[in-house]
Every structure is written in C-alpha cells, then in structure tokens.
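In what follows, a single structure is set out as structure tokens and then discussed.
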Amino acid sequence: MSLDPWLEKNLMVRKEKNSFRDLKPSTGLTDFCSNDYLGLARSPDLFSRINERSRTVGVKQNGATGSRLLSGNSELIESVEHKLAIIFNSQRALIFNSGYTANIAIFSSIPQKHDTILLDELAHASIKDGARLSLAHRYNFRHNDLNDLESKLKRINGKVFIAVESIYSMDGDECPLEELTALAARYRAFVILDEAHSTGVRGNNGSGLATSLGLEEKIDIRLYTFGKAMGVHGACVAGSNTLIEYLVNFARPFIYTTAPAPHSIVAIASSFDYLIENQDLQQELQKRIDAFVKAVDLSNRTLSNSAIQTIIVPGNENVKKAALHLQQSGFDVRAVLSPTVPAGKERLRICLHTYNTLDEIGKLTSELKKL
C-alpha cells in the first residue's frame with residue numbers, strides 16, 4: 001500500500017484550482033520579489049566582514065553541537081544577544097533559528113488555557129500556527145480595525161493577548177500601533193508585535209517600528225527577524241528578563257532544537273554593525289518607495305509606504321499571466337495565489353530595494369500600466 005495516490009489526489013486538486021506551487025531557481029531577472037530590502041544579503045562588503053569577523057572571534061566550529069541548554073550555548077551568542085537588547089531597547093533578547101520558530105515558541109508557551117489570543121486576520125502563518133498549538137481561545141479581528149478589536153475585548157474575560165505585525169507582508173501596510181497600544185492598555189491586554197518586515201528598515205539602527213515611535217515599553221513581546229532587510233538568518237525575541245527566562249524554561253521550540261551555528265551568530269552582529277555605519281540605506285530605500293508610489297496610479301493598488309507594494313489581479317490564472325508578462329519583460333515579480341491570500345485577492349507582490357535603480361522602477365511601472 002502506497003501513500004502516493006492520496007497525496008497525488010490532493011495535489012491534483014491544487015492543479016485544478018491553478019494554485020499548485022513548485023520550486024523555481026533564481027531567474028537572473030531584475031529583482032522585484034525578494035525581501036532583501038537594503039541589499040545586505042548580496043553585499044560583498046558585508047560578506048567579507050562576516051568572514052573576517054568569524055576569524056577574528058575565533059569561530060572554529062561548523063555547528064553549535066546541541067541545544068542552548070546542553071552544549072550549544074556560548075559567550076559569543078550571549079554577547080550578540082546583549083548587543084541586540086541594546087539596539088531594541090529591551091532588558092534582554094533571545095535568539096531563535098528563525099522568525100517562524102520564534103512565533104511558534106511565543107504562542108505555544110505563553111497563552112494558557114482560559115486565556116484568549118486576538119489575531120489580526122492578516123497575521124503571518126507562523127503566528128496563527130503558534131496560536132493553534134496553544135490551549136488558549138483564539139479569534140481573528142478585522143485587519144487594522146480597532147473598532148472590531150475593541151468589540152471583542154469588551155466580551156472577553158481573563159488574560160488577553162493581541163497579536164499584530166508592524167508591517168504586513170502581503171499588503172505592506174502598517175499597524176496603527178499608537179492607537180492599538182492605547183486600546184490594549186485600557187483593557188489590560190498584552191501586545192505581541194512581529195517586527196519582521198520593519199527590522200532594519202525602520203527605527204534607529206534598524207530597531208523597527210515600535211522604537212521609532214517610542215512605544216517599545218508599551219509592548220510586552222517583540223519579535224525581530226534577520227532574514228529580510230538584515231540579509232542574514234535567524235530571529236530574536238526582545239522583552240523583559242522575566243520573559244526571556246520564561247521562554248528558556250517553557251518554550252519547546254527553543255529547548256528542543258539545536259542552537260544556530262556560530263557563523264550565523266557572527267553574521268547577525270556584523271549585519272547590524274554594517275547598518276549602523278550605513279544608516280543612509282533607509283533613506284535610499286525610501287527614495288525608491290516614493291518613486292514607485294508617484295509613478296503608479298492604479299485603482300487596484302493597495303496604498304503602502306513600505307517596500308512592499310501590491311497590485312490586485314483577481315484569479316489565480318489571471319495573476320499568473322500578469323506575472324509572466326512582467327517576467328518576460330525582464331522583471332522578477334511573483335504572483336501570490338489563493339489560498340495564500342483569499343480568493344479574489346490574488347495579487348502581484350512587488351518588493352523594492354536600495355539596488356533597484358530609478359530607471360528600473362520607471363520601466364516596471366510602465367509595464368504595470370499595460371496590464
């Protein structure tokens with residue numbers, strides 16, 4: 001008896017709905033799809049710095065050899081966590097292998113039975129998956145709709161956790177963080193903020209949206225990822241000493257996984273040092289964002305002041321054709337299909353970068369107007 005027939009049946013359903021996914025190599029086209037907003041992932045200078053720093057600090061191991069609670073801890077990783085805590089203006093920081101792992105750790109270990117998690121309906125899959133692993137009740141509220149959020153807060157007893165993102169990955173819009181934290185304070189709810197798409201591109205030294213608004217002390221748990229604008233890999237949770245001690249003791253995705261390799265830890269520290277020395281990268285990115293927004297005047301474009309821009313093209317087949325047209329014109333723009341987004345909300349997701357020239361942006365926007 002083989003499992004393959006059942007698997008093939010489900011794959012066929014995806015193909016019939018035009019939502020089948022497959023892996024594709026890098027295209028060599030002009031990049032308008034990656035999360036490398038500041039160009040750090042492809043920076044030869046940063047690459048050299050990481051390798052040189054690895055030699056300087058005496059990295060002699062290929063891997064961490066075990067979990068942090070066994071053989072995987074080191075002075076190196078603790079020193080970088082201290083550095084991150086300073087950057088993010090928190091008492092402590094705890095490094096994870098990825099943002100996905102960190103969200104699973106937070107939501108599966110902190111909210112308890114009889115607690116409630118209120119999630120923005122557009123929250124990332126890792127937040128929703130972590131909430132599913134919790135024994136807490138969970139409910140969505142309409143995206144960025146504080147009236148809907150408050151209506152739910154009024155009906156809930158016990159501890160309440162509000163899960164939001166600084167910048168949302170599909171539309172590129174911001175959370176109304178000042179108003180949300182004020183609302184949370186009125187109802188004594190705890191805020192969990194995922195800064196994945198604001199790490200590096202917002203705030204002093206890339207510290208994210210919350211610190212740029214001076215709201216970090218009003219947010220109970222903050223998560224930062226390093227695989228997007230920071231150009232490397234990994235993530236961290238920033239917060240109080242008590243929060244970090246709790247995660248070390250109760251978060252299974254932290255306790256039972258091998259620690260990041262020493263080279264990855266050096267890469268995180270080097271990336272932030274590089275950004276601190278090149279703060280103008282944030283301004284260069286903003287110039288590209290402004291140029292794109294000014295050039296595009298489409299009724300189906302979702303307004304965004306971030307590096308993530310969206311063109312809604314309803315229907316999987318239609319959005320695939322639109323993406324193919326742009327790719328044949330030399331631009332690496334990818335289609336986002338349902339069920340990743342709701343049916344009818346399929347879109348072209350366009351990411352802007354410091355290395356995109358104004359001429360390239362102009363040509364791309366010209367092609368978009370032809371769709």
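Residue Leu358 comes nearest to Ala291 through the heavy atom pair CD2-CB, 3.8 Å, listed as atom of the first residue, atom of the second, then distance. Closest of all the heavy-atom pairs between Thr354 and Leu281 is CG2-O, 3.5 Å.
At most 12 non-hydrogen atoms from other residues, nucleotides or ligands lie less than 6.0 angstrom from NZ of Lys218. In Glu75, the CD atom is not crowded: 12 or fewer heavy atoms of neighbouring residues, nucleotides or ligands sit closer than 6.0 Å. Dense packing is recorded around CD of Glu150, with more than 12 heavy atoms of other residues, nucleotides or ligands lying under 6.0 Å away. Other residues, nucleotides and ligands place no more than 12 heavy atoms under 6.0 Å from the CZ atom of Phe47. The 12-atom threshold is exceeded at NZ of Lys320, counting heavy atoms of other residues, nucleotides or ligands nearer than 6.0 Å. When the shell of 6.0 Å around CG of Asp4 is examined, it contains more than 12 heavy atoms from other residues, nucleotides or ligands.
Under a 3.5 Å cut-off, the side chain of Ser109 and the backbone N or O of Ala105 do form a donor-acceptor pair. No donor-acceptor pair closer than 3.5 Å links the side chain of His197 to the backbone N or O of Gly172. For Asn10 (side chain) and Trp6 (main-chain N/O), a donor-acceptor pair under 3.5 Å exists by modelled atom type. A donor-acceptor contact shorter than 3.5 Å links the side chain of Arg288 to the backbone of Glu284. With Ser207 contributing its side chain and Asn204 its backbone, the two residues share a donor-acceptor pair below 3.5 Å. At distances below 3.5 Å, at least one donor-acceptor pair connects side-chain atoms of Gln282 with backbone N or O atoms of Gly203. When atom types are taken as modelled, the side chain of His353 and the backbone of Ser34 share a donor-acceptor pair closer than 3.5 angstrom. Under a 3.5 Å cut-off, the side chain of Ser270 and the backbone N or O of Val266 do form a donor-acceptor pair. The main-chain N or O of Ser169 is found under 3.5 Å from a side-chain atom of Arg349 such that the two form a donor-acceptor pair. Side-chain atoms of Glu81 never come within 3.5 Å of backbone atoms of Arg92 as a donor-acceptor pair (strictly under, hydrogens ignored).
With hydrogens and angles left out, the side-chain atoms of Arg49 and Tyr274 include no donor and acceptor closer than 3.5 Å. A donor atom on one side chain and an acceptor atom on the other are found under 3.5 Å apart for Asn205 and Gln279. Inspection of the Asn144 and Glu174 side chains reveals no N or O donor paired with an N or O acceptor under 3.5 Å. Lys17 and Asn316 share no side-chain donor-acceptor pair at under 3.5 Å. Tyr224 and Asp194 are not linked by any side-chain donor-acceptor pair at a separation below 3.5 angstrom, with hydrogens and angles left out of the test.
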Check against side chain to side chain contact (heavy atoms under 4.5 Å, CB included), Asn157 and His114: CA-CA 9 Å; Asn157 296 316; His114 304 306; over 6 Å; no
Does the pair Thr242 and Glu245 meet the rule for a side-chain hydrogen bond (donor to acceptor under 3.5 Å, both in side chains), with working shown? CA-CA 5 Å; Thr242 304; Glu245 288 179 352; 5.2 Å; no
Test side-chain hydrogen bond (donor to acceptor under 3.5 Å, both in side chains) on Gln286 and Asn305; report intermediate values, then the result. CA-CA 8 Å; Gln286 191 61 50; Asn305 193 40; 3.2 Å; yes
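Counting only heavy atoms from C-beta outward, the side chains of Glu216 and Thr211 approach each other to under 4.5 Å. Using a 4.5 Å cut-off on side-chain heavy atoms (C-beta onward), Asp171 and Ile308 make no contact. Put simply, the side chain of Ser90 does not reach to within 4.5 Å of the side chain of Ser240, judged on heavy atoms. When side chains are defined from C-beta on, Ser166 does not count as touching Cys175, because their heavy atoms never get closer than 4.5 Å. Looking at heavy atoms from C-beta onward, Tyr37 lies out of side-chain contact with Leu352 at the 4.5 angstrom threshold. Residues Arg347 and Ile311 are not in side-chain contact: their nearest non-hydrogen atoms beyond the backbone lie 4.5 Å or more apart. Counting heavy atoms from C-beta on, the side chains of Pro253 and Ser108 come closer than 4.5 Å. At a threshold of 4.5 Å between non-hydrogen side-chain atoms, the residues Thr340 and Ser338 do not count as touching.
Contacts of Arg334 classified as side-chain contact (heavy atoms from CB on, under 4.5 Å), with partners at least two apart in sequence or in another chain: Thr27, Cys33, Gln327, Asp332.
Salt-bridge check for Glu8 with Lys15: failed, with every basic side-chain N at 4.0 Å or more from each acidic carboxylate O. Here Lys294 does not pair with Asp290 in a salt bridge; the nearest charged N to carboxylate O distance is not below 4.0 Å. Using a 4.0 Å cut-off between a side-chain N of Lys or Arg and a carboxylate O of Asp or Glu, Glu52 and Arg55 qualify as a salt bridge. With respect to Glu367 and Lys370, a salt bridge is recorded, a charged nitrogen being found less than 4.0 Å from a carboxylate O. Under 4.0 Å is where a charged nitrogen must lie from a carboxylate oxygen, and between Lys128 and Glu121 no such pair does. Checked for salt-bridge contact, Arg42 and Asp36 meet the test: a charged N lies under 4.0 Å from a carboxylate O.
As a member of the Ile/Leu/Val/Met/Phe/Trp/Tyr network built from side-chain separations under 4.5 Å, Phe141 groups with Leu118, Leu122, Tyr139, Leu146, Leu149, Leu153, Ile156, Val160, Ile162, Val164, Tyr168, Leu177, Leu180, Leu183, Tyr187, Val191, Leu193, Leu209, Leu213, Leu215, Ile219. By the 4.5 Å side-chain criterion applied to Ile, Leu, Val, Met, Phe, Trp and Tyr, Leu243 is assigned to a cluster that also includes Leu69, Leu94, Phe96, Ile106, Phe107, Ile110, Ile117, Leu119, Ile127, Phe161, Phe190, Ile192, Ile221, Leu223, Val237, Ile244, Tyr246, Leu247, Val248, Phe250, Phe254, Ile255, Tyr256.
Residues Tyr355 and Leu46 are members of separate hydrophobic clusters, defined by side-chain heavy-atom contacts under 4.5 angstrom among Ile, Leu, Val, Met, Phe, Trp and Tyr. Hydrophobic cluster membership differs between Ile350 and Met170, with clusters built from Ile, Leu, Val, Met, Phe, Trp and Tyr side chains linked at under 4.5 angstrom. Val336 and Phe292 fall into different hydrophobic clusters, where Ile, Leu, Val, Met, Phe, Trp and Tyr residues are linked whenever their side-chain heavy atoms come under 4.5 Å apart, directly or through other members. Neither Val341 nor Val313 shares a network with the other; the hydrophobic side chains, linked directly or stepwise wherever heavy atoms of I, L, V, M, F, W or Y lie under 4.5 Å apart, form separate groups for each.
With Asn356 as the fixed residue, the side chain to side chain contact (heavy atoms under 4.5 Å, CB included) test singles out one of Leu364, Leu285, Thr30: Thr30.
Between atom CG of residue Asp22 and atom CZ of residue Arg14 there is a gap of 12.5 Å, rounded to the nearest 0.5 Å. Within the model, atoms CE of Met230 and OG1 of Thr225 stand 10.0 Å from one another, a figure rounded to the nearest 0.5 Å.
The aromatic rings of Phe226 and Phe88 sit parallel, their planes meeting at an angle under 30°, below the 60° perpendicular limit.
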